[in-house]
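Notes follow once the structure below has been shown.
We count ligands from 1, going down the list as the structure has it; atoms in each ligand are counted the same way.
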Amino acid sequence: MQVRIFRGADSSAALAQVKAELGIEAVILETREVMDNGRKMCEITAALERNVGMTRAKPSEAYGDMSSVSALTGGPGAAAPEWHREWSEIKSCLMSLMGKQLDKDKLSPRQRQALDYLEREGVDPKIGVTLYKCLVLDKQTSLLAALAEILSVRPLTLASWPEKIHCVAGPSGVGKTTTVIRMALAAQQEKPDLRICLVNADDRQARGRLVLRHYCELSGFSYREAGSREDILKLLDEADNFDRIYVDLPGMSGPQVLSERLTLLGLSEVDECAFHLVLSPHYGKPQLDHFLRAFSFARLSSVIWTKLDEAASFGGLINVADSCRVPISAVSWAAGFKDCMAPAENMLLWKLIFKHELPCGQAPEKLHA
Ligand SMILES: Nc1nc2c(ncn2[C@@H]2O[C@H](COP(=O)(O)OP(=O)(O)OP(=O)(O)O)[C@@H](O)[C@H]2O)c(=O)[nH]1
Ligand SMILES: [Mg+2]
């Protein structure tokens, strides 16, 4: 519901404003007389209730009054897709026009070739403009150095990630449960006596629960289920018994966003907790943009890229890194649990993006040939 206050010299002037701004569906909540600079004015509090799912905020509304757009669309998360989509399309068009105006003769032939290649890989034109500016302003800098400013890495190793609790979130079917098991196995391989607990916070998927439980039995991990705030509190009570806790969060559906889900579970304020978002480059740009809105969260720690073997281009890694400004921690490229996930490193990413070479040394299309 959008609530606004209007003032006019008299009631009809104030009512005219209500009609103009909120339309005839507005409900008058209160009318009162107020003094404004010694003058009597009529003040009307009016509200407009709209079905969030049906509302399409006009760009003019969006730019004129950010708070009312937020109220109309339910906030900056997944519930505001139209406004975000329109704005991102406008930005993209402007940047693409700017991109066409760039004087690429100011670049060396190799730099020009690399920028053109990134464009073909689906890298957002706005990032192309940023890279161009870096290269033109500092002749000494290389394209990879400029790209590394955007595409940061924090390799998924015990030393780089000392946090005890690791929550794994992402869209349905992206590979969250598989990633949780891979993370636990990699940690165990690094330090065999580590006390590891796998937590199933997904009370809707029986399959995920079975797989997690099975791997716990096979590998000597502890197993817990935690679908509610009370369960999470119980888990935190016994956290001293474990060195690492990996939490498999449920896939998101409907209008709920990750921050709401974590708050409901009581996980959003837990210290010593890292939050990893699992994505795959085989999603198109609008889909990745949508996921970034649904999973945007102030404490997001890293992105883990899965299913590299199923992707045909990797520009999405750069676009996502630019949008959410968190490092990549790991990448995976096959359906198994072992030997198909690697901690992220710059060189590995350059080979992936520029040569389409997976960390196993193969090209994605050859892996499935
Ligand atoms: N090709 C390929 N398949 C993968 C990869 N990672 C996971 N998978 C497969 O993707 C499918 C879904 O994996 P899950 O781990 O169950 O995905 P999830 O996100 O937990 O799924 P939900 O719990 O249903 O939301 C499984 O068949 C995995 O084997 C990968 O890197 N490459
Ligand atoms: Mg799962």
Side-chain angles (χ1 to χ4, degrees), residues 78 155-156 166-186 197-216 218-219 221 223-227 231 245-254 256-258 261-262 265 267 275-283 287-288 290-292 294-295 297 300 302-314 316-317 320 328-344 348-349 351-353 356-369:
L156 194 66
H166 293 263
C167 297
V168 175
S172 295
V174 73
K176 298 178 296 297
T177 305
T178 315
T179 300
V180 160
I181 296 170
R182 286 174 184 149
M183 287 169 98
L185 291 172
C197 178
L198 302 194
V199 180
N200 172 42
D202 186 355
D203 45 12
R204 295 172 307 179
Q205 296 280 359
R207 189 186 159 271
R209 176 186 302 143
L210 287 177
V211 177
L212 277 184
R213 207 180 219 152
H214 177 66
Y215 263 85
C216 285
L218 276 182
S219 310
F221 305 144
Y223 173 78
R224 299 287 183 272
E225 303 220 335
D231 296 336
I245 298 174
Y246 296 98
V247 184
D248 185 13
L249 291 167
M252 308 286 296
S253 56
Q256 197 176 39
V257 293
L258 177 67
R261 175 69 58 87
L262 292 173
L265 282 172
L267 272 168
F275 297 90
H276 307 277
L277 172 59
V278 183
L279 290 174
S280 167
H282 73 244
Y283 297 122
Q287 193 60 47
L288 284 172
H290 166 74
F291 288 143
L292 284 184
F295 291 95
F297 174 53
L300 192 65
S302 91
V303 175
I304 295 176
W305 288 95
T306 55
K307 306 196 181 183
L308 301 183
D309 53 310
E310 293 184 352
S313 67
F314 300 96
L317 275 72
V320 167
I328 298 177
S329 59
V331 296
S332 78
W333 60 90
F337 292 103
K338 282 191 172 163
D339 303 324
C340 57
M341 184 169 89
L348 173 159
L349 295 178
K351 284 186 180 170
L352 181 70
I353 293 167
H356 282 200
E357 184 183 309
L358 298 173
C360 61
Q362 299 270 28
E365 55 279 7
K366 290 216 174 112
L367 206 63
H368 293 299

> Does S332 reach the side chain of T179, with side-chain heavy atoms less than 4.5 Å apart?
Replying inline: no

>> Using only atom types and a distance under 3.5 Å, with no angle test, would you say the side chain of T306 pairs donor to acceptor with the backbone of V174?
In response: yes

> Counting heavy atoms only, which part of A334 comes closer than 4.0 Å to ligand 1: side chain, backbone, both or neither?
Replying inline: backbone

> For G170, is the nearest heavy atom under 4.0 Å from an atom of ligand 1?
Replying inline: no

> Are F314 and P364 side-chain neighbours, meaning at least one heavy-atom pair lies under 4.5 Å?
Replying inline: yes

> What about D309: any of its N or O atoms under 3.5 Å from an N or O on ligand 1?
Replying inline: yes

> the Mg ion (ligand 2) to T177: any N/O/S contact under 2.8 Å?
Replying inline: yes

>> I'd like to know if the side chain of S219 and the backbone of F221 have a donor-acceptor N/O pair within less than 3.5 Å.
In response: no

>> Measuring centre to centre across the rings, with the benzene-like ring taken for any Trp, is F291 within less than 6.0 Å of Y283?
In response: yes

> Of I181, V211, V199, L212, which is the lone residue that meets side-chain contact (heavy atoms from CB on, under 4.5 Å) with D248?
Replying inline: L212

> Would one find an N or O of G251, backbone or side chain, under 3.5 Å from an N or O of ligand 1?
Replying inline: no

> R182 to ligand 1: N or O pair under 3.5 Å?
Replying inline: yes

> Looking at ligand 1, does any of its N/O atoms fall within less than 3.5 Å of an N/O of T306?
Replying inline: no

>> So for H282, does at least one of its heavy atoms come nearer than 4.0 angstrom to any atom of ligand 1?
In response: no

> Going by the atom numbers of ligand 1, which of them fall below 4.0 Å from some non-hydrogen atom of S172?
Replying inline: 25 (O)

> Short N/O distance, under 3.5 Å, between L308 and ligand 1?
Replying inline: no

> Tell me, do I328 and W305 make a side-chain contact under 4.5 Å, heavy atoms counted?
Replying inline: yes

>> Quick check on contacts: which atoms of ligand 1 are under 4.0 angstrom from a heavy atom of K176?
In response: 15 (O), 17 (O), 18 (P), 19 (O), 20 (O), 21 (O), 22 (P), 25 (O)

>> Over 60° means perpendicular and under 30° means parallel, so tell me whether F297 and F275 are parallel, tilted or perpendicular.
In response: perpendicular

